[in-house]
Amino acid sequence: MTKYIIVTGGVLSSVGKGTIVASIGFLLKSSGYNVTAIKVDPYLNVDAGTMNPYMHGEVFVTDDGAETDLDLGHYERFIGINTTRYNNITAGRVYFEVIRKEREGKYLGQTVQIIPHVTDEIKGLVKKAVDDTNAEIAIIEIGGTVGDICLLYTSDARQMCIRDRNLMFIHVALVEYLRVTGELKTKPLQHSVQELRRIGIQPDMIIARSILPLDEETKKKIALFTNVKPDYILSNYDVELTYEVPLILEKQNITKKIFNKLGLEPKEPKVAEWLEFVENMKNPSKEVKIALVGKYTKLKDSYLSIKEAIYHAAAKLRVKPTLVWVESSDLEKSEDEINKLKDVNGIIVLPGFGARGVEGKIQAIKFARENNIPFLGICFGMQLAIVEYARNVLGLKEANTTEVNPNTKYPIITLLDNQKKIVQVGGTMRLGAQKIILKEGTLAYSIYNSPHIYERHRHRYEVNPEYVDLLQKYGMIISGVSENGLVEIIELKNHKFFLGTQAHPEYKSRPLSPSPVFLNFLSVASA
């Protein structure tokens, strides 16, 4: 029988529930249990695909092509699993399915209501995620905070609350530190637990998010007002690296407490490799400075998986990555802005959609190409590398992508016929893991050391096949193509490292197995 751990949040959002779920999942999996993690979100979007990154951070793409919440990236990186569309459940998707079934007559004339129809749909989707993986333990993260619009999910969790040994509730909430008095204040956490109990849920464990570690008196105070045992009050305090969180929790014997509550056989988690990874990150041998050029750089979570992929590769190489965030729009304002790139060891041009900041990205690519600075272009970054090459090497000065200029004279990047017919925006791009065939003797082949690979995609526009021969004639190497011949990877000879990939290799990077692309890029940049 599957055991369930339901994680709720209190006081405020961004308190670290996703990291807690991922950390617990890692510890349980490294103890030998089959684990899955599920994120349920209260928003009415069917998925995260149509959201601006400033609204909700990056969109994380799974192997099966689902556009999901960024917390699924945490789950995959920490736990070492591949999630699917069933691991992210939104209120929009739930209502969409319920209404579809009602229109198809699936409810046999019943009055369709929140309880039981909507809540049953949620439980059905959770069961599907569990059944797909044969998970022994399923960790469910309820998005939002107790008392707000996540009520639908907390009500559903209450229905699961049989209070037996197959279900455990963990509440994550903020304990504020008042600098003026030097006190840790627990009252907001107390109120969030009261709200949770009002719904009908009594937490079995509380993980307090705070700047400083909780002292014993604070733990006893929390226990007194929440009816949770003092040794089940855990402290998640500020650390240098999020990857330290599993180690902090295990020092407080979290796995033993979970095993005890769920009636599972206690097993010792194997964390030696993880500990070595953390130590490598904290004790690098030298520094490497990487410029990240994009249009959403004011919110670093917009490029979370790329940032983490850099950290994974850096730990393997024992180097310290100093990230220089460059807003591509700023590069368009003044020629002096390009000076930001003069002292970096490598340049990554980030993915994105739309016209804003495009010319700034093209300037950054030109600077990297002409000054022999290691360059990596991801998705739109690769497409713009081709636009830059067409303009400045092929002499097609008006070359562009039709995404930016539909009437460009030289549509080097364009919609293919099968995309032109699409009218819906959500879920209609090339999405998920797709096969890429690599050309022997190229940089891409040496990076992967394989004739073909599978990387995840998220894009709509493609390299125009009509220009491929011309690009190759002028020295651009097409080192990777899809099964139907679309350009996937490009590179240049006589350059330290110049590579563009239509796919998103960052999605499959893991702390203990970095993405080969990022590992090779950082190796050259730090040489």
message = With rounding to the nearest 0.5 angstrom, report the CD1 to CZ distance, Ile373 to Phe367.
response = 4.5 Å

key: Ile310 and Ile348, any side-chain heavy atoms less than 4.5 Å apart   = yes

query = Do you know which two heavy atoms are closest between Ile447 and Leu499, and how far apart they sit?
reply = CD1-CD1, 4.0 Å

task = Give a yes or no on this: more than 12 heavy atoms of other residues, nucleotides or ligands lie within 6.0 Å of atom CG of Asn339.
result = yes

ask   = Are any non-hydrogen side-chain atoms of Tyr243 and His312 less than 4.5 angstrom apart?
value = yes

task = Check step by step if side chain to side chain contact (heavy atoms under 4.5 Å, CB included) holds for Val35 and Ile24.
result = CA-CA 10 Å; Val35 179; Ile24 293 172; over 6 Å; no

request  = Examine distances only and state if a side-chain atom of Lys508 and a backbone atom of Asp63 form a donor-acceptor pair shorter than 3.5 Å.
outcome  = no

Gap separating the CD atom of Glu491 from the CE atom of Met382, nearest 0.5 angstrom = 12.0 Å

message = If you apply the rule side chain to side chain contact (heavy atoms under 4.5 Å, CB included), what do you find for Asp238 with Arg209, and how did you get there?
response = CA-CA 8 Å; Asp238 282 2; Arg209 181 78 174 86; 2.6 Å; yes

ask   = Just by distance, do the side chain of Asp47 and the backbone of Gly49 share a donor-acceptor pair under 3.5 Å?
value = yes

ask   = Under 3.5 Å, side chain of Thr62 to main-chain N/O of Thr84, donor-acceptor pair present?
value = no

note = For Ser479 and Ala444, the nearest pair of non-hydrogen atoms, with its separation, is OG-CB, 3.6 Å

message = Determine whether Leu292 and Val324 satisfy the following criterion, side chain to side chain contact (heavy atoms under 4.5 Å, CB included), listing intermediate values before the conclusion.
response = CA-CA 6 Å; Leu292 294 101; Val324 181; over 6 Å; no

remark   = Output for pair (Gln502 CD, Ile378 CD1), nearest 0.5 Å, gives 11.5 Å

remark   = Scanning both residues in full, the closest heavy-atom pair of Ser305 with Phe60 reads OG-CD1, 3.6 Å

ask   = Taking only residues two or more places apart in sequence, or in another chain, which ones meet Ala129 in a side-chain contact (heavy atoms from CB on, under 4.5 Å)?
value = Ile38, Tyr86

ask   = Sequence neighbours excluded, which residues qualify as side-chain contact (heavy atoms from CB on, under 4.5 Å) partners of Ala208?
value = Val175, Leu189, Leu214

request  = With rounding to the nearest 0.5 Å, note down the distance linking NZ in Lys282 to CZ in Phe277.
outcome  = 12.0 Å

inquiry  = Any heavy-atom pair between the side chains of Phe78 and Pro246 that's under 4.5 Å?
reply    = yes

query = Is the shortest distance from a Lys or Arg side-chain nitrogen in Lys128 or Asp131 to a carboxylate oxygen in the other one below 4.0 Å?
reply = no

ask   = Would the number of heavy atoms belonging to other residues, nucleotides or ligands and lying under 6.0 Å from NZ of Lys307 be above 12?
value = yes

ask   = Would a 4.5 Å heavy-atom cut-off, applied to side chains only, mark Leu304 and His74 as touching?
value = yes

task = Identify the heavy atoms of Val326 and Ala291 that sit nearest to each other, and give their distance.
result = CG2-CB, 4.4 Å

ask   = Taking the six-membered ring for Trp, is the centroid-to-centroid distance between Phe353 and Phe380 below 6.0 Å?
value = no

request  = Of all the heavy-atom pairs spanning Lys361 and Leu350, show the shortest one and how long it is.
outcome  = NZ-O, 3.0 Å

query = How are the rings of Trp325 and Tyr303 set to each other: parallel, tilted or perpendicular (split at 30° and 60°)?
reply = parallel

Residues which pass side-chain contact (heavy atoms from CB on, under 4.5 Å) with Asn52, listed by chain and number, not counting sequence neighbours = Tyr54, Met55, Tyr296

ask   = Taking only residues at least two apart or on different chains, which pairs with a member in residues 82-94 satisfy salt bridge (Lys or Arg N to Asp or Glu O under 4.0 Å)?
value = Asp64-Arg85

Less than 3.5 Å apart, which donor and acceptor atoms pair up between the side chains of residues 519-527 and the rest of the protein, not counting sequence neighbours?
{"unit_1": "Asn520", "atom_1": "ND2", "unit_2": "Pro516", "atom_2": "O", "d": "2.8"}
{"unit_1": "Ser526", "atom_1": "OG", "unit_2": "Leu522", "atom_2": "O", "d": "2.7"}
{"unit_1": "Ser526", "atom_1": "OG", "unit_2": "Ser523", "atom_2": "O", "d": "3.3"}

task = Taking atom types as modelled, find out whether Asn34 and Thr133 have a side-chain donor-acceptor pair closer than 3.5 angstrom.
result = no

message = Under a plain distance cut-off of 3.5 Å, with no hydrogens placed, do Glu58 and Tyr507 share a side-chain donor-acceptor pair?
response = no

ask   = Under a 4.5 Å cut-off applied to non-hydrogen side-chain atoms, are Thr83 and Lys39 in contact?
value = no

task = Ignoring hydrogens and angles, state whether a donor on the side chain of Glu488 or His457 is under 3.5 Å from an acceptor on the partner side chain.
result = yes

ask   = Take atom CD in Glu273; do more than 12 heavy atoms of anything else shown fall under 6.0 Å from it?
value = no

ask   = Which pairs pass salt bridge (Lys or Arg N to Asp or Glu O under 4.0 Å) with one or both residues in residues 288-304, sequence neighbours excluded?
value = Lys289-Asp343

inquiry  = Is there a side-chain contact between Lys29 and Ile81 in this structure, where contact means two heavy atoms from C-beta onward sitting under 4.5 Å apart?
reply    = yes

query = Taking C-beta and beyond as the side chain, do Leu27 and Ile254 meet within less than 4.5 Å on heavy atoms?
reply = yes

ask   = Taking Thr90 for the side chain and Val46 for the main chain, is one N or O donor matched with an acceptor at less than 3.5 Å?
value = yes

ask   = Say you draw a straight line from CD1 of Ile412 to CZ of Arg391; how long is it, rounded to the nearest 0.5 Å?
value = 10.5 Å

request  = Could you tell me how the ring of Phe498 sits relative to the ring of His495: parallel (under 30°), tilted (30 to 60°) or perpendicular (over 60°)?
outcome  = perpendicular

message = Looking at Arg456 and Gly65, would you say the former's side chain and the latter's main chain have a donor-acceptor pair under 3.5 Å?
response = no

message = I'd like to know if Glu506 and Arg77 make a salt bridge, using a cut-off of under 4.0 Å between side-chain N and carboxylate O.
response = no

query = Can you check whether Pro411's main-chain N or O pairs, donor with acceptor, with Asn464's side chain at less than 3.5 Å?
reply = yes

query = Just wondering, are more than 12 heavy atoms of other shown residues or ligands nearer than 6.0 Å to NZ in Lys340?
reply = yes

task = Show the numbers, then the answer: is there a salt bridge (charged side-chain N to carboxylate O under 4.0 Å, His left out) between Arg356 and Glu332?
result = CA-CA 10 Å; Arg356 184 174 66 83; Glu332 300 172 358; over 6 Å; no

key: Flag for His171-Ser192: side-chain donor and acceptor within less than 3.5 Å   = yes

message = Does Ile490 form a side chain to side chain contact (heavy atoms under 4.5 Å, CB included) with Ile386? I'd like the steps, not just the answer.
response = CA-CA 8 Å; Ile490 59 102; Ile386 295 173; 4.0 Å; yes

message = For Arg100, is there an ion pair with Glu97 - N to carboxylate O distance below 4.0 angstrom?
response = yes

Nearest atoms (heavy-atom pairs only) where Leu28 meets Thr255 = CD2-CG2, 4.4 Å

message = Can you confirm whether Glu455 sits close enough to His504 that some side-chain heavy atom of one is under 4.5 Å from a side-chain heavy atom of the other?
response = no

ask   = So, Gln383 versus Thr401: side-chain donor-acceptor pair below 3.5 Å or not?
value = no

remark   = One should read off an interatomic distance between Thr402 OG1 and Glu462 CD, to the nearest 0.5 angstrom, of 11.0 Å

